[in-house]
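Residue numbering restarts at 1 for every chain, and letters A, B, ... go by the order of the sequence lines.
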There are 2 protein chains.
Amino acid sequence: MTSANSSLSLISPDLPPAPPSNATPAKIGVLASGNGSNFEALIQAIADGQIRAEIPIVIYNNPDAAVAARAQRWGIPAVLLDHRQYQSREAFDFDVVQALVQAGSEWIVMAGWMRRVTDVLIDRFPKRAINIHPSLLPSFPGIRAIDRALAAGVKITGCTVHFVTLEVDAGPILMQSAVPILAGDTSETLHARVQVQEHAILPRAVRLAIGQ
Amino acid sequence: MTSANSSLSLISPDLPPAPPSNATPAKIGVLASGNGSNFEALIQAIADGQIRAEIPIVIYNNPDAAVAARAQRWGIPAVLLDHRQYQSREAFDFDVVQALVQAGSEWIVMAGWMRRVTDVLIDRFPKRAINIHPSLLPSFPGIRAIDRALAAGVKITGCTVHFVTLEVDAGPILMQSAVPILAGDTSETLHARVQVQEHAILPRAVRLAIGQ
């Protein structure tokens, strides 16, 4: 009865090169907790000249996060800050901010950063911290967004890039992409399709945010 | 940087005729509070043979609802039940149910029915009451969904057809369509684009619900 496409994306297939400029490249520190595929989408867009930026540091908080090896392959310093070594979220964020600032970061991209942030981080990077979340916010903020969308029986989900505020997944939205949930979708198949859209919108949203 | 289409619809442009059957047409009572354009989309789909159904009655609750004139043009009895004449939601729903049943309704479609329903109605039409709502639920349930989506700054909204339960706009979802919010959109322009999708998915979702 319906013909379903694999994506409902608003996103044009190609991101053209960033316009030429004499301005110095934006310096974007990346925070990641896991696989790091969104980090890879971002650094690839930079390598392809689609964003005029540098990633001076990747900070990760799980010793076995695959993002560390990805950063290494790109020659980017990867710094482990293990939140379990800290007494408070604020103390952890203090060291995160210090590492970001020492590396020269002007912007933060949270590419799968599974930590609540505090005003220690927000106040140092006001409107300069960007997060990507695997739902069409305001639906399904917080953890396990894809599984919760599946369980809720929605027919369309997606992903959202937004500025980070103290309230989890509630900051001003930069960009969204819709992804249909298909008959027979599992957590894995849906996650894979949402990730394709994440990798498409994250570089575009970052470019929009930094004004290129 | 992005190329935005006017719709992200999953919906195929044409709804083929309902398959032939000897079964009697489904009888669908319609509840509407306002303009009645969703009623018109439904009766048009029936007239075009896309749904094998009849609409034996349209109930409206505002004396000046334009849906009454629309029903008249289609030769369908339109019955005014003014909720302001009732002491309780239950007493109102009792008369709504009585009018629906007397007209032979087996299903209910709420095509812009701006009333909370009670178990008086739900219990008489279990899993046979269908509502259409102008957002991608679970985002923006309740009133003024389109204005609230605009105010929230989301980039994608849409509409949802779902079964009615006691919790407002929270029943099982039958069908959804996504609608991008474009730069310069006003309440009026966005409402118009969402309505196009409402008119597309309501007949399809009704057909899905009644099993044709």
Side-chain angles (χ1 to χ4, degrees), chain A residues 1-19 50-51 135-141 145 148-149 151-163 170-182 197 200-201 203-212, chain B residues 1-19 50-51 135-141 145 148-149 151-163 170-182 197 200-201 203-212:
Chain A
M1 187 178 319
T2 62
S3 78
N5 307 311
S6 64
S7 144
L8 291 168
S9 183
L10 287 173
I11 309 306
S12 57
D14 295 308
L15 185 59
Q50 295 165 341
I51 307 172
S135 78
L136 283 181
L137 293 171
S139 287
F140 310 114
R148 284 158 54 221
V154 299
K155 308 303 181 190
I156 299 174
T157 185
C159 50
T160 302
V161 181
H162 64 94
F163 286 112
I173 291 173
L174 278 157
M175 207 168 281
Q176 296 185 296
S177 183
V179 175
I181 297 185
L182 306 178
Q197 294 306 308
I201 68 172
R204 286 164 171 77
V206 167
R207 180 166 150 167
L208 183 68
I210 68 181
Q212 291 179 3
Chain B
M1 186 180 314
T2 62
S3 79
N5 307 311
S6 63
S7 145
L8 292 168
S9 184
L10 288 172
I11 308 306
S12 57
D14 294 308
L15 184 59
Q50 295 166 341
I51 308 173
S135 79
L136 283 181
L137 293 171
S139 287
F140 309 114
R148 285 157 55 221
V154 299
K155 308 304 180 190
I156 299 174
T157 186
C159 50
T160 302
V161 181
H162 64 94
F163 286 112
I173 291 172
L174 277 158
M175 207 168 280
Q176 297 186 295
S177 183
V179 175
I181 296 184
L182 305 178
Q197 294 306 309
I201 67 171
R204 286 164 169 77
V206 167
R207 179 165 152 168
L208 183 67
I210 68 181
Q212 291 180 1

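- Atom CG of A:Leu136 is separated from atom NZ of B:Lys155 by 13.0 Å, given to the nearest 0.5 angstrom.
- Listed by chain and residue number, A:Arg52, A:Arg207, A:Gln212 satisfy the side chain to side chain contact (heavy atoms under 4.5 Å, CB included) test with A:Ala18 (two or more places apart in sequence, or in another chain).
- Judged as a side-chain hydrogen bond (donor to acceptor under 3.5 Å, both in side chains), and not counting sequence neighbours, the contacts of B:Ser135 are B:His133.
- For the side chain to side chain contact (heavy atoms under 4.5 Å, CB included) with A:Ile173, the lone residue among B:Ile156, B:Val154, B:Ile181 that qualifies is B:Val154.
- For A:Pro172, no part lies near chain B; criterion is any non-hydrogen pair under 4.5 Å.
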